[in-house]
Amino acid sequence: MTDEKKLKKPRSKRSFRANWFTWLNTIFFILFSLMTLYPIWYVIVGSFNNGVDYTAGGVWLWPREFTLDNYRVVVNDLRIWRGFGITIARTLVGTVLSLLFVAIVAYAMSRRELKGRKIFYYINIFTMFFGGGLIPTFLVIKWLGLLDSFWVYIIPGIYSVYNMIIMRSFFSSIPSDLREAAYVDGAGEYRIFFQIYLPLSTPVLATVGLWIIVGHWNTYIDAMYYVTNQDLFPLQYVLMRIINETSTPSSSTSSLPPMVFENVSAKTVSLAAIIISILPILCVYPFLQKFFTKGVTVGSLKG
């Protein structure tokens, strides 16, 4: 009996410590989640609040004077819809072309028989740490004729060394027996790449694709530097211009009744525009989340 009691005591202490650790861990992550989600909730609350009332402050947890006029103004603003179209187009075209280009380079770099593979690899690594700067980049884009062009959103950022390294590592983890068997059957490099490697690389393609999608959807720096045509402004740059506006949106060119603009401010309208802009990403992310962890893990462990 005494021996059994002695054996039970350490177990009870371990379970007690484990329970405390579990509770503390749970509380920490709940607080961390609240800290992460509250900024989004704050923007949502402000977007549904009366603009004049919002300027008085004190709107933190829920709308004090609920209204949908902010969203009516955003939906009625042609700049928002034009920016949506440009952003959707650049995201779709840029993601497809970037994935294809990076995957082709990564496939070549994963082949040990590639001549000069180490030289190409170190050249790629060099570009990750050293760049020409803004002015040389601007001059190159100007000489290429990309200024005030839709392709200035696509071509300069079509290749990423970091994404190439992740995909190269994933390609290297695919058994070489599949490639050798395809060679025996008479398949060439293009057929092996498109019919064997790409179908097996769904996790890493989804992971890298999500990074590219978020990058294209959120960026506006390229539009600020290289584009002056307002018809080519992406959504985020339009939002930045709206946020920087200090006056209440004008109703002179709007079909909405004037009383709508009496209930809004530039700040609350910008908050409503932000909520509308993040909805597509929130809808896409759940479908790619299941591939995210697997793609990063496999792509980072094997080289």
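All of these numbers come straight from a predicted model, not from anything done at the bench. Values below: every heavy atom of this structure, side chains too, minus hydrogens, waters and symmetry copies. The chain is numbered in sequence order, starting from 1.
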In terms of relative ring orientation, are F193 and F171 parallel, tilted or perpendicular, with 30° and 60° separating the classes?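 Perpendicular: the ring planes of F193 and F171 meet at over 60°.
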For F66 and F48, take the angle between the two ring planes, folded into 0 to 90°, and tell me which bin it lands in: parallel under 30, tilted 30 to 60, perpendicular over 60.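 Parallel.
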Supply the members, apart from L78, of the Ile/Leu/Val/Met/Phe/Trp/Tyr cluster built from side-chain contacts under 4.5 Å; use none for a lone residue.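 So far as hydrophobic clustering goes, L78 is joined with none.
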Do you know which of F150, Y220, Y153, Y237 makes side-chain contact (heavy atoms from CB on, under 4.5 Å) with V227?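 The residue from F150, Y220, Y153, Y237 that satisfies side-chain contact (heavy atoms from CB on, under 4.5 Å) with V227 turns out to be Y153.
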Residue that, paired with S277, satisfies side-chain contact (heavy atoms from CB on, under 4.5 Å) out of L235, I80, V74: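 That would be L235.
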Any donor-acceptor pair under 3.5 Å linking the side-chain atoms of [Y] with those of [X]?
X: T67; Y: N50; value: no
X: N70; Y: T268; value: yes
X: Y107; Y: R111; value: no

Rounded at 0.5 Å granularity, tell me how far CD1 in I125 sits from OG1 in T127.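 So the CD1 of I125 and the OG1 of T127 are separated by 7.5 Å.
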Drop me the distance from S98's OG to I212's CD1, to the nearest 0.5 angstrom.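 With rounding to 0.5 Å, OG (S98) is 3.5 Å from CD1 (I212).
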Can you name the closest pair of heavy atoms from L239 and A273 and give their distance?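 Closest approach of L239 to A273: CD2-CB, 3.0 Å.
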For A103 against M167, the heavy-atom pair lying closest together: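 Smallest interatomic distance, heavy atoms only, reads CB-CE, 3.5 Å.
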Does I141 form a side-chain contact (heavy atoms from CB on, under 4.5 Å) with Y225? I'd like the steps, not just the answer. CA-CA 11 Å; I141 290 177; Y225 292 155; over 6 Å; no
Might you work through the side-chain contact (heavy atoms from CB on, under 4.5 Å) test for V152 and D222, ending with a clear yes or no? CA-CA 8 Å; V152 76; D222 44 11; 5.5 Å; no
So [Y] and [X], do their side chains get closer than 4.5 Å, heavy atoms only?
X: T87; Y: H216; result: no
X: T207; Y: I166; result: no
X: I86; Y: F233; result: no

Assess the residue pair R64 and Y54 against the criterion (side-chain contact (heavy atoms from CB on, under 4.5 Å)); give the C-alpha distance rounded to whole Å, side-chain angles, the decisive distance to 0.1 Å, and a yes or no. CA-CA 8 Å; R64 191 162 50 206; Y54 184 83; over 6 Å; no
Return the set of residues passing side chain to side chain donor-acceptor pair (under 3.5 Å) with R191 (not counting sequence neighbours), or none when no residue passes.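 Applying side chain to side chain donor-acceptor pair (under 3.5 Å) to R191 gives Q195.
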Quick one, F29 with N25, criterion side-chain contact (heavy atoms from CB on, under 4.5 Å). Give me CA distance, side-chain angles, the key distance, then yes/no. CA-CA 6 Å; F29 279 105; N25 205 23; 3.0 Å; yes
